[in-house]
Number of protein chains: 2
Amino acid sequence: MTQRGRPRKFDRSIALRQAMDVFWTQGFDCTSMPDLIGAMKINSPSIYAAFGSKEKLFIEAVELYSVTEGEEIWVRMANEPTARLAIEAMLQASAEAYTRPAKPRGCMIVLGALHTEGGNTAIRRGLQAHRAQCMTTIHSRLELGISDGELAKRLDCRAIATFYLTIQQGMSIQARDGASREALLAVVKYAIVAWDSIISGA
Amino acid sequence: MTQRGRPRKFDRSIALRQAMDVFWTQGFDCTSMPDLIGAMKINSPSIYAAFGSKEKLFIEAVELYSVTEGEEIWVRMANEPTARLAIEAMLQASAEAYTRPAKPRGCMIVLGALHTEGGNTAIRRGLQAHRAQCMTTIHSRLELGISDGELAKRLDCRAIATFYLTIQQGMSIQARDGASREALLAVVKYAIVAWDSIISGA
DNA sequence: ACATTTTTGTATTGATCACTACAAAAAGAG
DNA sequence: CTCTTTTTGTAGTGATCAATACAAAAATGT
């Protein structure tokens with residue numbers, strides 16, 4: 001039982017990757033169907049047949065981004081033995097991911113759809129859920145540090161997680177504004193220099 | 001020699017302020033002329049007669065934002081006697097400005113036009129110039145700290161300024177994602193706790 | 001009064017948006 | 001071969017975009 005009908009002329013996963021690059025660069029709202037048609041090199045009806053709608057294509061592109069570009073950040077974080085090293089690895093991996101030579105700068109999940117308040121709640125909620133997941137991951141690692149005995153129990157893990165997440169998200173803006181990888185890694189350095197003061201405080 | 005012709009039925013500065021609120025909330029690209037017509041309560045031809053175009057209206061709105069919402073941040077920064085207090089005041093003022101009860105959250109200059117790479121270079125360059133001005137202001141204050149003797153000469157003022165600017169810009173994303181004023185002030189607290197470690201380092 | 005100047009509201013412009021109808025094309029199934 | 005299924009490319013759909021044409025309205029100037 002093979003496939004009936006006329007075969008596809010394009011590779012669905014390649015087309016999706018090209019759509020991801022466009023959405024990553026321009027965001028959801030500033031990306032038009034002609035933009036996608038040009039980048040994916042397939043006509044509009046093929047896009048709709050394969051992905052359903054611009055909105056569903058974006059959601060699939062975000063999932064692909066999450067796996068191919070974002071996953072490494074959290075894997076590198078998870079492989080570190082201490083909370084401090086985990087935060088450092090997360091920020092360094094982010095700085096590198098946001099400044100890859102031939103790729104769009106900054107994080108697609110942070111920059112992809114900031115202004116869809118009124119309409120497109122599905123898009124907005126999807127990205128917000130991803131960002132909330134980042135928060136949860138950082139927060140959990142800090143709490144693990146407490147149960148490990150690395151960190152004092154009195155520390156406000158949620159506030160500290162928010163601090164480092166704020167730096168990560170700020171780096172997306174910096175990267176989009178043209179900051180070099182070295183500049184972002186310097187930001188990470190200062191963020192980690194701060195660690196001892198932060199975890200010894202109230 | 002008074003004004004000839006039929007008098008205006010609207011107050012130009014009030015209309016501009018209402019346009020500012022819409023652009024601040026939705027960004028340049030996600031704001032349509034019908035959105036502006038609804039908010040400013042004047043018809044399309046009146047908008048064009050008074051402001052020239054959507055693009056020029058946005059630029060005027062950014063200038064108004066810079067004066068009415070942004071200026072306080074830099075004034076509070078300038079009034080502090082030390083670099084440390086200046087940075088702290090700048091971040092605290094930002095946290096407050098980004099979470100005012102009846103106003104859009106986050107910074108219009110940071111969030112207003114992130115995705116206008118291809119077209120609208122005028123819009124993009126205008127906001128980038130404003131962001132560069134923020135960088136220069138922070139950087140200059142740190143260098144003043146060096147000439148004052150507050151900070152060691154070996155410090156990399158540009159990198160430290162980038163660090164604190166990154167935190168400020170990250171707070172815009174956090175605010176837009178719903179972070180409370182208290183949460184942002186906690187971020188500021190950690191950013192300032194880091195100060196001693198940062199200025200004592202290389 | 002009458003001409004001049006400027007704004008107003010209505011109605012519309014061509015361009016572009018996301019999306020699709022449709023028929024020819026290209027495969028397997030019988 | 002013919003029938004069925006699916007994709008293809010062309011050519012559009014109505015909706016909405018930013019921006020205007022135009023004439024009535026409302027003020028001043030002489």
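Below, read A as the first sequence line, B as the second, and so on, with proteins coming before strands; counting in each chain starts at 1.
The backbone N or O of A/I87 lies less than 3.5 Å from no partner atom in the side chain of A/R141, so there is not a single donor-acceptor pair. Side chain of A/W24 to main chain of A/L111: no donor-acceptor pair is present (N/O by atom type, distance under 3.5 Å, no hydrogens or angles). Side chain of A/K54 to backbone of A/F28: a donor-acceptor contact under 3.5 angstrom is found. Using a distance-only test at 3.5 Å, with no hydrogens or angles considered, no donor-acceptor pair links the side chain of B/E60 to the main chain of B/F51. When atom types are taken as modelled, the side chain of A/E88 and the backbone of A/I192 share no donor-acceptor pair closer than 3.5 angstrom.
Residue A/M33 contributes atom CE, which lies 16 Å from atom P of C/dT16 at whole-angstrom precision. Following rounding to the nearest Å, A/R8 (CZ) and D/dT5 (C1') show an atom-to-atom distance of 14 Å. Going from atom CE of B/M40 over to atom P of C/dG9 covers 13 Å, rounded to whole Å. Rounded to an integer number of Å, the gap from CZ of A/R12 to P of D/dT7 is 11 Å. Counting to the nearest Å, the C1' atom of D/dT7 and the CG atom of A/D11 are 15 Å from each other. Going from atom CG of B/L36 over to atom P of D/dA18 covers 8 Å, rounded to whole Å. Here the C1' atom of nucleotide D/dA24 and the CZ atom of B/R6 are 8 Å apart, to the nearest Å. Per the geometry, CD1 belonging to A/I37 stands 9 Å off P belonging to C/dA18, to the nearest Å.
With hydrogens and angles left out, the side chain of B/R4 and the base of C/dT4 share a donor-acceptor pair within 3.5 Å.
Few gaps surround CZ on B/R12; more than 12 heavy atoms of other groups in view lie less than 6.0 Å from it. Counting non-hydrogen atoms of other residues, nucleotides and ligands closer than 6.0 Å to CZ of A/R100 gives a total above 12.
Checking B/P7 against A/G5, the closest nucleotide of DNA chain D that is more toward the 5' end is the one next to A/G5.
When the side-chain nitrogen and oxygen atoms of B/K9 are compared with OP1 and OP2 of C/dG9, one or more of them lie within a distance under 4.0 Å.
Taking every heavy atom of residues 43-60 of chain B and every atom of DNA chain C, pairs under 4.0 Å involve B/N43, B/P45, B/S46, by number.
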